[in-house]
Amino acid sequence: MLLRQLEYLTALARERHFARAAEACHVSQPSLSAGIRTLERELKLMIVRRGRRFEGFTPEGERVVMWARRILAERDALWDDLAAMDGGLTGVLRVGAIPTALTAAQLLTTPFFDRHPKVRISLESVSSRQMVHRLAEFDLDVGLSYVDGEPLGDVRTVPLYRERYLLLTPRDGELATRTRATWEEVARLPLCLLSPQMQNRRILDRNFADAGVRAEASMETDTVSALYAHLATRRWSSVIAHAWLGLFGVPEGMCLVPMERPARNHSVGLVLADRDPGLSLVRALVDVAHRVDLAGELDAVLRRYLAPRAASDQPVQPR
């Protein structure tokens with residue numbers, strides 16, 4: 001059994017198409033097909049369901065794909081360890097982050113690059129549910145997600161910061177001059193919120209429910225950037241996480257109002273596959289996370305935005 005054959009197989013599992021898998025492996029389609037057939041002969045079982053096009057894997061094939069990913073991940077871990085012994089980390093660290101935590105990712109990646117300039121990072125937006133699955137499938141190295149909300153399965157977590165919520169509302173809105181807004185009051189406003197498939201929205205819905213109300217959003221989206229684009233029209237209000245302020249700030253004509261502390265707060269942190277030894281690149285990221293006061297940096301940004309309100313008891317002006 002050759003590692004190259006396992007690479008062909010995992011590429012096919014990822015692309016679900018023979019030609020695209022061959023292109024990803026920089027070989028011809030006949031070469032990729034021949035490599036997988038050789039693997040089937042060695043294992044004495046059928047791995048791929050074949051028709052005029054790719055039709056999926058047999059149950060045995062699904063198990064082989066799982067082991068192929070694990071074997072290739074262990075090979076990569078070996079390369080990482082040897083590279084670290086030979087003068088510094090190299091390779092690609094694959095990070096998946098929930099959309100609501102992407103805005104804080106650079107607070108980790110920037111100091112990571114300062115310490116390990118030869119490493120490349122692939123950062124992509126994934127849902128919390130996709131993240132857990134892809135960590136188990138060795139398709140991601142580390143995640144950035146809520147670590148104390150919905151079940152994550154067999155993973156390790158490194159909490160980074162506790163999420164804080166604020167009302168972002170038009171400066172002439174009915175709650176704009178309040179020193180603190182309640183969940184009951186906010187539920188009555190015209191709201192733009194993230195979509196229900198987003199964990200942040202499910203957390204907010206639970207917070208509203210704990211306060212005995214239900215929030216009906218007239219505008220929903222699955223990205224923070226689209227949410228902010230709609231808030232900039234000053235037609236809607238929203239409940240935002242304080243980690244978004246560093247990137248998106250406060251749109252012109254809007255102001256921040258602190259929210260009443262919810263019954264439950266949730267932390268965002270690193271999510272790691274529970275396996276030993278872990279990847280050197282992942283261990284290096286965890287080390288950076290322990291060195292960086294990410295929570296303190298986010299709180300400092302929040303204080304800058306709330307300082308004018310505290311000083312004058314007036315709506316916060318954008319920077």
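All values below come from the heavy atoms of this structure, side chains included, with hydrogens, waters and symmetry mates left out. Everything numeric in this text was worked out from a predicted model, so none of it was measured.
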K.L.:
Look only at the side chain of His230 and the backbone of Ala226, and say whether a donor-acceptor pair between them is shorter than 3.5 Å.
P.N.:
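A pair under 3.5 Å: yes.
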K.L.:
What are the two closest non-hydrogen atoms of Leu193 and Ser238, and how far apart are they?
P.N.:
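In terms of heavy atoms, the two residues are closest at CD2-OG, 3.7 Å.
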K.L.:
If hydrophobic clusters are built by linking Ile, Leu, Val, Met, Phe, Trp and Tyr wherever their side-chain heavy atoms come under 4.5 Å apart, do Val92 and Val288 end up in the same one?
P.N.:
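Result: no, two separate clusters.
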K.L.:
Quick one: does Glu40's side chain have a donor or acceptor within less than 3.5 Å of a partner on Ile47's backbone?
P.N.:
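Answer holds: yes.
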K.L.:
Have Glu260 and Thr182 got a donor and an acceptor in their side chains that come within less than 3.5 Å?
P.N.:
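No, no side-chain donor-acceptor contact under 3.5 Å.
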K.L.:
May I ask you to test the Gln5-Thr38 pair for a side-chain heavy-atom distance under 4.5 Å?
P.N.:
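Counting from C-beta outward, Gln5 and Thr38 do come under 4.5 Å.
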K.L.:
Between Leu89 and Leu272, is there shared hydrophobic-cluster membership here, with clusters defined by ILVMFWY side-chain heavy atoms closer than 4.5 Å?
P.N.:
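In one cluster: yes.
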K.L.:
How close do Pro99 and Val224 get, heavy atom to heavy atom, and via which atoms?
P.N.:
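Shortest heavy-atom contact: O-CG2, 4.1 Å.
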K.L.:
I'd like to know if the side chain of Ser31 reaches the main chain of Val27, judged simply by a donor and an acceptor atom lying under 3.5 Å from each other, with no hydrogens or angles considered.
P.N.:
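Looks like no, no N/O pair under 3.5 Å.
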K.L.:
Determine whether Ser145 and Val132 make a side-chain contact, defined as any pair of heavy atoms from C-beta on separated by less than 4.5 Å.
P.N.:
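No, their side chains stay 4.5 Å or more apart.
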K.L.:
Run the salt bridge (charged side-chain N to carboxylate O under 4.0 Å, His left out) test on Arg291 and Asp287 for me, step by step, so that the C-alpha distance in whole Å, both residues' side-chain angles and the decisive distance to 0.1 Å come before the verdict.
P.N.:
CA-CA 6 Å; Arg291 294 170 181 269; Asp287 179 65; 2.9 Å; yes
K.L.:
Is there a donor-acceptor pair closer than 3.5 Å between any side-chain N or O of Asp148 and the backbone N or O of Ser267?
P.N.:
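Yes, the answer is positive, given that a donor and an acceptor are paired below the 3.5 Å cut-off.
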K.L.:
Give a yes or no on whether the backbone of Leu194 and the side-chain of Arg201 come within a donor-acceptor separation of less than 3.5 Å.
P.N.:
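Answer holds: yes.
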K.L.:
Could I get the full list of side-chain hydrogen bond (donor to acceptor under 3.5 Å, both in side chains) partners for Ser237, not counting sequence neighbours?
P.N.:
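With sequence neighbours excluded, Ser237 shows a side-chain hydrogen bond (donor to acceptor under 3.5 Å, both in side chains) to Thr169, given in chain and number order.
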K.L.:
Is there a salt bridge (charged side-chain N to carboxylate O under 4.0 Å, His left out) between Arg14 and Asp139? Walk through the geometry before answering.
P.N.:
CA-CA 9 Å; Arg14 182 176 63 252; Asp139 196 37; 5.5 Å; no
K.L.:
Salt-bridged, Asp205 to Arg214, with N to O below 4.0 Å?
P.N.:
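No, this pair does not count.
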K.L.:
Inspect the surroundings of CZ in Arg235 and state if more than 12 heavy atoms from other residues, nucleotides or ligands are less than 6.0 Å away.
P.N.:
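Check fails, neighbour count at 12 or below.
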K.L.:
Taking all non-hydrogen atoms of both residues into account, name the closest pair between Leu281 and Gly91 and its distance.
P.N.:
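Taking Leu281 first and Gly91 second, the nearest heavy atoms are CD1-C, 4.2 Å.
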K.L.:
Take atom CZ in Arg50; do more than 12 heavy atoms of anything else shown fall under 6.0 Å from it?
P.N.:
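Buried by this count: over 12 neighbours within 6.0 Å.
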K.L.:
Testing the basics here: between Leu167 and Ala181, what is the closest heavy-atom pair and its distance to 0.1 Å?
P.N.:
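For Leu167 and Ala181, the tightest heavy-atom pair comes out as CD2-CB, 4.1 Å.
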K.L.:
Count the heavy atoms belonging to other residues, nucleotides or ligands that lie under 6.0 Å from CZ of Arg49, then report whether that count exceeds 12.
P.N.:
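Enclosed: over 12 neighbouring heavy atoms sit under 6.0 Å from CZ of Arg49.
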K.L.:
Among Val142, Leu140, Val155, Ile98, whose side-chain contact (heavy atoms from CB on, under 4.5 Å) with Val271 holds?
P.N.:
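Answer to the side-chain contact (heavy atoms from CB on, under 4.5 Å) test with Val271 among Val142, Leu140, Val155, Ile98: Val155.
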K.L.:
Arg120 side chain to Leu93 main-chain N or O, any donor-acceptor pair under 3.5 Å?
P.N.:
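Between the backbone of Leu93 and the side chain of Arg120 there is no qualifying donor-acceptor contact (under 3.5 Å).
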K.L.:
For the residue pair Thr100 / Trp244, report whether a side-chain donor-acceptor contact shorter than 3.5 Å exists.
P.N.:
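No pair is found: no donor N or O on one side chain lies under 3.5 Å from an acceptor on the other.
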K.L.:
Are Glu185 and Arg178 ion-paired here, with the side-chain N under 4.0 Å from a carboxylate O?
P.N.:
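Looking at Glu185 and Arg178, the cut-off is met.
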K.L.:
Decide yes or no for Ser33 and Gln29: does some side-chain heavy atom of the first lie under 4.5 Å from some side-chain heavy atom of the second?
P.N.:
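Yes, close enough: below the 4.5 Å cut-off.
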K.L.:
Taking Gln130 for the side chain and Ser127 for the main chain, is one N or O donor matched with an acceptor at less than 3.5 Å?
P.N.:
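Yes, the answer is positive, given that a donor and an acceptor are paired below the 3.5 Å cut-off.
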K.L.:
Under 3.5 Å, is there a donor on one side chain and an acceptor on the other for Ser122 and Arg94?
P.N.:
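The answer is no; no qualifying pair exists.
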K.L.:
Testing Thr157, Val147, Val95, Leu108 for side-chain contact (heavy atoms from CB on, under 4.5 Å) with Leu270, which one passes?
P.N.:
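The residue from Thr157, Val147, Val95, Leu108 that satisfies side-chain contact (heavy atoms from CB on, under 4.5 Å) with Leu270 turns out to be Leu108.
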K.L.:
Are Met66 and Leu39 linked, directly or through other ILVMFWY residues, by side chains that come within less than 4.5 angstrom of each other?
P.N.:
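Met66 does not cluster with Leu39.
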K.L.:
Taking Arg69 first and then Glu7, would you say they form a salt bridge - that is, a charged N and a carboxylate O separated by under 4.0 Å?
P.N.:
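Glu7 and Arg69: not salt-bridged.
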K.L.:
Any non-hydrogen side-chain atom of Leu9 less than 4.5 Å from a side-chain atom of Phe57?
P.N.:
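Heavy-atom side-chain distance check passes, below 4.5 Å.
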K.L.:
Are any of the side-chain heavy atoms of Asn207 and Val239 separated by less than 4.5 Å?
P.N.:
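A side-chain contact is absent here, since even the closest heavy-atom pair is not under 4.5 Å.
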K.L.:
Within the supplied structure, the quantity of interest is the number of heavy atoms (other residues, nucleotides, ligands) at a distance under 6.0 Å from Glu297 CD; does it exceed 12?
P.N.:
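Counting other residues, nucleotides and ligands, CD of Glu297 exceeds 12 neighbours.
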K.L.:
What pairs with Glu163 under side-chain hydrogen bond (donor to acceptor under 3.5 Å, both in side chains), at least two apart in sequence or on another chain?
P.N.:
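Partners of Glu163 by the side-chain hydrogen bond (donor to acceptor under 3.5 Å, both in side chains) criterion, ordered by chain and then number, come out as Tyr146, Tyr165.
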K.L.:
Is a side-chain N or O of Ser195 found less than 3.5 angstrom from the main chain of Thr221, in a donor-acceptor match?
P.N.:
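At least one qualifying donor-acceptor pair exists.
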K.L.:
Taking all heavy atoms of Pro196 and all of Glu220, pick out the closest pair and write down the distance.
P.N.:
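Closest heavy-atom pair between Pro196 and Glu220: CD-OE1, 3.6 Å.
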K.L.:
I want to check something: taking the side chain as every heavy atom from C-beta on, are Leu144 and Leu123 in contact at a cut-off of under 4.5 Å?
P.N.:
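Counting from C-beta outward, Leu144 and Leu123 never come under 4.5 Å.
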K.L.:
Do any N or O atoms from the side chain of His116 and from the backbone of Val119 form a donor-acceptor pair under 3.5 angstrom?
P.N.:
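Absent.
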K.L.:
Applying side-chain contact (heavy atoms from CB on, under 4.5 Å), can you list everything that pairs with Arg261, at least two apart in sequence or on another chain?
P.N.:
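Scan of Arg261 (side-chain contact (heavy atoms from CB on, under 4.5 Å), adjacent residues dropped) gives Asn265.
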K.L.:
Are the side chains of Glu62 and Pro59 in contact, using a 4.5 Å heavy-atom criterion?
P.N.:
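They are not in side-chain contact.
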K.L.:
Are the side chain of Tyr305 and the backbone of His242 linked by a donor-acceptor contact shorter than 3.5 Å?
P.N.:
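The answer is no, because no donor-acceptor pair under 3.5 Å joins these two groups.
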